Amino acid sequence: MSDVPLVDLLKRLVAIPSVNPHLADDPSIGTERPMAECLAGLLDERGFDVQWHEVTPGRPNVVGYFGPHAPRRSLLIESHLDTQGIHGMTVPPFDGLVRDGRLYGRGACDTKGPMAAALMALAPATLDRVAEAGGRLIYVGAVGEEKGNIGAEQLVDLEIGADEAVVLEPTELAIVHAHKGTLWFEVEVQGLAAHGSNPDRGVSAVTAMLRVVDALQQQIAEARRNHHNELLGSPSVNIGIMRGGTSINIVPDRCVIEVDRRTLPSEDNAGILAQVRAVLDDLKGRGLLTGYAVRPIKEGLPFETTASSRLVRRLAAGCVAL
């Protein structure tokens with residue numbers, strides 16, 4: 001297996017540390033730049049016009065173009081450059097160990113494996129046929145997918161797009177043409193500190209937050225009644241983090257939660273946050289808290305491409321052929 005060109009390429013990619021900077025204790029492995037340089041070279045070898053977009057210093061997105069500037073149709077293929085961290089790994093993270101027909105290493109699955117497969121598929125004869133048919137291929141290597149998708153968002157802001165797009169992720173060849181959205185937000189509640197022996201003199205931020213959590217559960221129950229998607233199911237909410245209080249004998253004057261809300265295409269993020277603020281306004285008006293803040297952390301819009309679309313049908317036919 002080790003002499004298979006695809007495996008050799010994947011071993012080469014895995015050997016390049018590209019841990020997301022926010023997930024690496026060692027800055028020498030917490031950088032996407034070496035991976036960007038490698039991808040840029042591989043695309044250049046295949047005849048792509050390679051551009052760099054370094055919106056965040058030291059973290060370049062790589063975009064390669066192949067085909068006419070005024071194409072009949074364009075296809076964008078995207079894979080991210082960063083990986084998860086290496087904590088807890090039981091194999092050498094960057095050796096590309098091959099064992100029992102499988103290759104092990106950080107990013108081998110997510111998403112250097114799909115990247116290697118795509119690059120191998122972009123053979124000269126294939127690229128020439130695409131260009132001769134008036135098509136244009138755009139290959140994107142994006143930074144920061146593991147923490148917020150900042151690279152993809154930057155490229156959207158630069159209006160880099162195509163008629164169709166395929167995002168490379170390990171799906172066991174399942175065609176994912178719909179996905180829930182992500183709305184992460186923080187809620188901070190302020191109260192009034194007092195000694196624990198006289199709690200009535202204070203306003204407990206923790207008690208107020210419990211009311212907020214209860215309201216969030218009521219809101220998601222209503223959302224599930226009003227929104228359902230045949231492919232994605234129902235929306236969901238998870239209170240992932242709660243922090244509050246400073247001492248057992250002090251009425252807490254601050255409490256914070258971090259909320260993971262998964263949304264459907266029929267929902268509106270602004271409307272969801274407006275509902276949360278309405279609850280907080282009501283609690284403040286009743287004197288159950290003294291102040292509050294709602295801060296968005298991350299937003300990823302849901303999407304749904306119909307199964308009957310041209311791209312999904314072509315991908316399905318290709319998977320059947322395999």
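Because the structure is a prediction, the values reported are computed rather than measured.
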[X] versus [Y], closest heavy-atom pair with distance:
X	Y	result
P235	R261	CB-NH1, 3.3 Å
A36	L81	CB-CD1, 3.8 Å
E186	V256	CG-CG1, 3.4 Å
G85	M89	O-SD, 4.5 Å

Does either side chain, that of [X] or that of [Y], offer a donor lying less than 3.5 Å from an acceptor on the other one?
X	Y	result
N20	D82	yes
D110	H80	yes
K112	T83	no
Q190	E188	yes

Below 3.5 Å, can you tabulate the donor-acceptor pairs from side chains in residues 114-129 to any protein atom, sequence neighbours excluded?
none

With a 4.5 Å heavy-atom cut-off, do [X] and [Y] have their side chains touching?
X	Y	result
D100	R102	no
D49	D44	no
L103	K11	yes
V62	L42	no
V50	V63	no
V140	L76	yes

For the side chain of [X] and the backbone of [Y], is there at least one donor-acceptor N/O pair under 3.5 Å apart?
X	Y	answer
D268	G271	yes
H177	T305	yes
R136	A70	no
K180	P265	no

Practice task
Begin from the C-alpha positions of I29 and I86 and carry the test side-chain contact (heavy atoms from CB on, under 4.5 Å) through to its verdict.
Solution key: CA-CA 10 Å; I29 66 170; I86 63 173; 3.7 Å; yes

Are any of the side-chain nitrogens in [X] or [Y] under 4.0 Å away from the carboxylate oxygens of its partner?
X	Y	answer
D282	R286	yes
E153	K298	no
E267	R262	no
R314	E164	yes

Exercise for the section: Determine, stepwise, if the pair L13 / C38 fulfils side-chain contact (heavy atoms from CB on, under 4.5 Å). Expected result: CA-CA 8 Å; L13 299 180; C38 177; 3.9 Å; yes

Practice task
Determine, step by step, whether L168 and Y139 satisfy the side-chain contact (heavy atoms from CB on, under 4.5 Å) criterion, reporting the C-alpha distance in whole Å, the side-chain angles of both residues, the deciding distance to 0.1 Å, and the verdict.
Solution key: CA-CA 11 Å; L168 301 179; Y139 195 104; 3.8 Å; yes

Practice task
Give every residue pair that meets the salt bridge (Lys or Arg N to Asp or Glu O under 4.0 Å) criterion with at least one member in residues 56-65, sequence neighbours excluded.
Solution key: E32-R59

Can you give the donor-acceptor pairs under 3.5 Å from side chains of residues 154-163 to other protein atoms, not counting sequence neighbours?
| residue | atom | partner | partner atom | Å |
| --- | --- | --- | --- | --- |
| Q154 | OE1 | N61 | ND2 | 3.0 |
| Q154 | NE2 | T56 | OG1 | 2.8 |
| D163 | OD2 | S74 | N | 2.8 |
| D163 | OD2 | S74 | OG | 3.3 |

Handout entry: side-chain contact (heavy atoms from CB on, under 4.5 Å) between E304 and L231, worked out
Key = CA-CA 9 Å; E304 183 176 11; L231 292 170; 4.0 Å; yes

Exercise for the section: If you link ILVMFWY side chains whenever their heavy atoms are less than 4.5 Å apart, which other residues fall into the same cluster as V189? By chain and number, please. Expected result: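 For the cluster that includes V189, the remaining residues are L183, F185, V187, M209, V212, V213, L216, I220, V237, I239, M242, I257, V259, I272, L273, V276, V279, L280, L283, L288, L289, Y292, V294.
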
Fill in the blank from the handout: Excluding W184, membership of its hydrophobic cluster (Ile, Leu, Val, Met, Phe, Trp, Tyr; side-chain heavy atoms within less than 4.5 Å) reads I297

Exercise for the section: List for me each residue that meets ring-ring contact (aromatic ring centres under 6.0 Å, His included) alongside F66, sequence neighbours excluded, and say none if there are none. Expected result: F48

